[in-house]
> 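Structure below; questions to follow.
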Amino acid sequence: MARVIVVTSGKGGVGKTTSSASFATGLALRGNKTVVIDFDVGLRNLDLIMGCERRVVYDFVNVLNNESTLKQALIKDKRCDNLYILPASQTRDKEALTQEGVERILNELKEDFDYIVCDSPAGIEKGALMALYFADEAIVVTNPEVSSVRDSDRILGILAAKSKRAIDGAEPIKEHLVITRYMPKRVEMGEMLSVDDVKELLSIPLLGVIPESESVLSASNAGVPVIHDKNSLSGQAYSDVVSRFMGEDTPMRFLNVEKTGLLKRIFGT
Amino acid sequence: MQTEVVESSANQQSNAVELKGSVFTLPILQIRSTSIARIEEELSERLNTALKFFENASVVIDLEKISSSEEELDFRELMRLLSKNALIPVGVRNGSNQQNALAISAGLAILKGGVLQDIATSDTPVNQKQTKDDSESDPAIVGSTSPTKIIKSPVRSGQQIYAMGGDLIVLAPVNPGAEIIADGSIHVYAPMRGRALAGVRGDENTRIFCQNMEAELVSIAGNFRVFEETVPVEIRSKTVQIFLEGEQLMISPLK
């Protein structure tokens with residue numbers, strides 16, 4: 001049975017789309033047939049991060065309005081056989097998303113795919129509500145700072161109240177926490193919330209911690225999800241996230257300050 | 001005897017009056033007909049089934065359903081009817097301009113905002129509603145006029161939980177920006193980081209018990225205290241009880 005996973009956060013700019021792209025890629029690299037949907041209708045970022053922006057002809061809203069078939073709109077990833085992208089429309093707004101339409105598309109996708117990853121827009125308005133409404137699982141992306149944690153808390157409340165599973169009284173959405181842009185050094189200096197602080201406040205299981213890294217920005221600019229970069233700590237951390245999601249016992253990494261050698265300490269970098 | 005640890009910041013013996021802000025949760029009476037006779041008939045029927053829940057309760061009159069009605073509602077007659085039924089109308093909302101004018105002349109306030117809910121509140125997660133159902137099936141509680149509401153999952157930012165007519169027990173964290181409200185007392189057996197308002201219908205004997213006190217605001221029967229920065233170190237993260245002594249809000253650690 002296909003699983004619908006929403007990647008959400010409440011706050012903008014915390015790394016939802018970066019996480020969606022790498023998480024979906026990681027699932028596909030492990031042989032799962034995966035589709036990632038951009039729910040940020042009107043802005044459209046996922047196709048850029050996935051490096052397929054020039055191949056967007058039809059989009060999510062075209063399929064919703066029966067202006068194209070799902071097959072026409074799905075873009076096959078060029079690096080990964082099992083991965084497809086359903087891009088957002090840049091010319092419409094989020095009012096184009098209807099519950100019936102989204103449900104129809106998800107049901108159609110469920111026949112072909114193992115995992116459906118929904119990249120939610122920021123905020124708690126219609127786009128975000130539509131992205132989370134049909135979810136079976138939720139990945140809540142949070143930065144280790146107070147306002148991001150507060151917004152994630154808010155979105156967790158909405159998951160527990162306004163999702164289909166909540167309204168139907170079904171088994172609640174399975175929640176996972178992913179902390180991004182983590183800087184152990186600043187945590188040590190007391191300038192940033194620690195993993196434990198965030199975990200304590202949100203009280204949901206931790207799926208992974210992604211360290212702040214320049215490779216994320218360069219990967220986004222190049223249109224290659226950072227999980228493909230085996231040398232990048234962030235890329236490795238996303239691989240860990242996927243393996244934990246698949247139920248493997250992978251210890252947490254990147255939580256502590258790297259030990260610097262004596263020479264490096266004396267001469268700097 | 002309890003030792004007093006923190007005094008209410010508002011002790012104003014030299015001033016005769018002081019204006020303060022507070023948040024109250026009031027029941028809403030939605031009026032769907034302009035006929036006083038029909039309202040009277042249905043109201044007494046409803047109140048009979050609601051036991052003494054609403055005795056001497058302040059209510060807000062919602063006019064949404066009749067705001068476009070041609071017929072005029074006789075506010076003075078309505079107020080007489082409500083006070084006969086031991087309800088205290090405080091204001092109206094969602095009325096037309098004309099209705100608002102009539103309401104003001106009848107001595108009612110015009111209230112803005114507020115989302116209409118069926119007693120349980122906005123983002124109350126469904127499993128919490130089920131908890132309530134569970135408690136209703138408990139023979140010890142059935143028939144009681146003050147049912148206890150038990151919440152087992154975290155109360156998150158933006159959520160509001162109201163235990164009407166009784167106590168509220170929360171077994172999971174109450175996060176910053178969340179609000180828990182009860183007509184009775186409040187117990188929180190987990191970190192309390194949000195706002196807690198006990199005795200919102202004026203019961204000064206209600207208390208708040210927190211296992212881990214980090215609240216943003218606590219209030220008993222409208223006497224509140226805001227912790228703007230953080231909770232003072234003597235009580236921070238401690239197990240405390242909060243109660244009224246006269247007009248003064250007392251917070252003392254539980255040993």
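Values below: every heavy atom of this structure, side chains too, minus hydrogens, waters and symmetry copies. Per chain, numbering begins at 1; letters A, B, ... match sequence-line order. Source: prediction; values computed, not measured.
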> Does any backbone or side-chain atom of A:I204 lie under 4.5 Å from a heavy atom of chain B? Answer side chain, backbone, both or neither.
side chain

> Heavy-atom distances under 4.5 Å only: say whether B:P176 touches chain A with side chain, backbone, both or neither.
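Its backbone and side chain both get close to chain A.
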
> Are there more than 12 heavy atoms of other residues, nucleotides or ligands under 6.0 Å from atom NZ of A:K126?
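Atom NZ in A:K126 is crowded, with more than 12 foreign heavy atoms closer than 6.0 Å.
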
> Out of curiosity, A:I155 CD1 to B:S157 OG, how far, rounded to the nearest 0.5 Å?
11.0 Å

> Determine whether more than 12 heavy atoms belonging to other residues, nucleotides or ligands lie under 6.0 Å from atom CZ of A:R244.
yes

> Can you list the steps and then say if B:N175 with A:R150 is a side-chain contact (heavy atoms from CB on, under 4.5 Å)?
CA-CA 9 Å; B:N175 280 352; A:R150 171 73 63 96; over 6 Å; no

> Are any non-hydrogen side-chain atoms of B:R156 and A:S152 less than 4.5 angstrom apart?
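B:R156 does not reach A:S152 side chain to side chain.
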
> Is the number of heavy atoms from other residues, nucleotides or ligands within 6.0 Å of CD (B:E228) greater than 12?
no

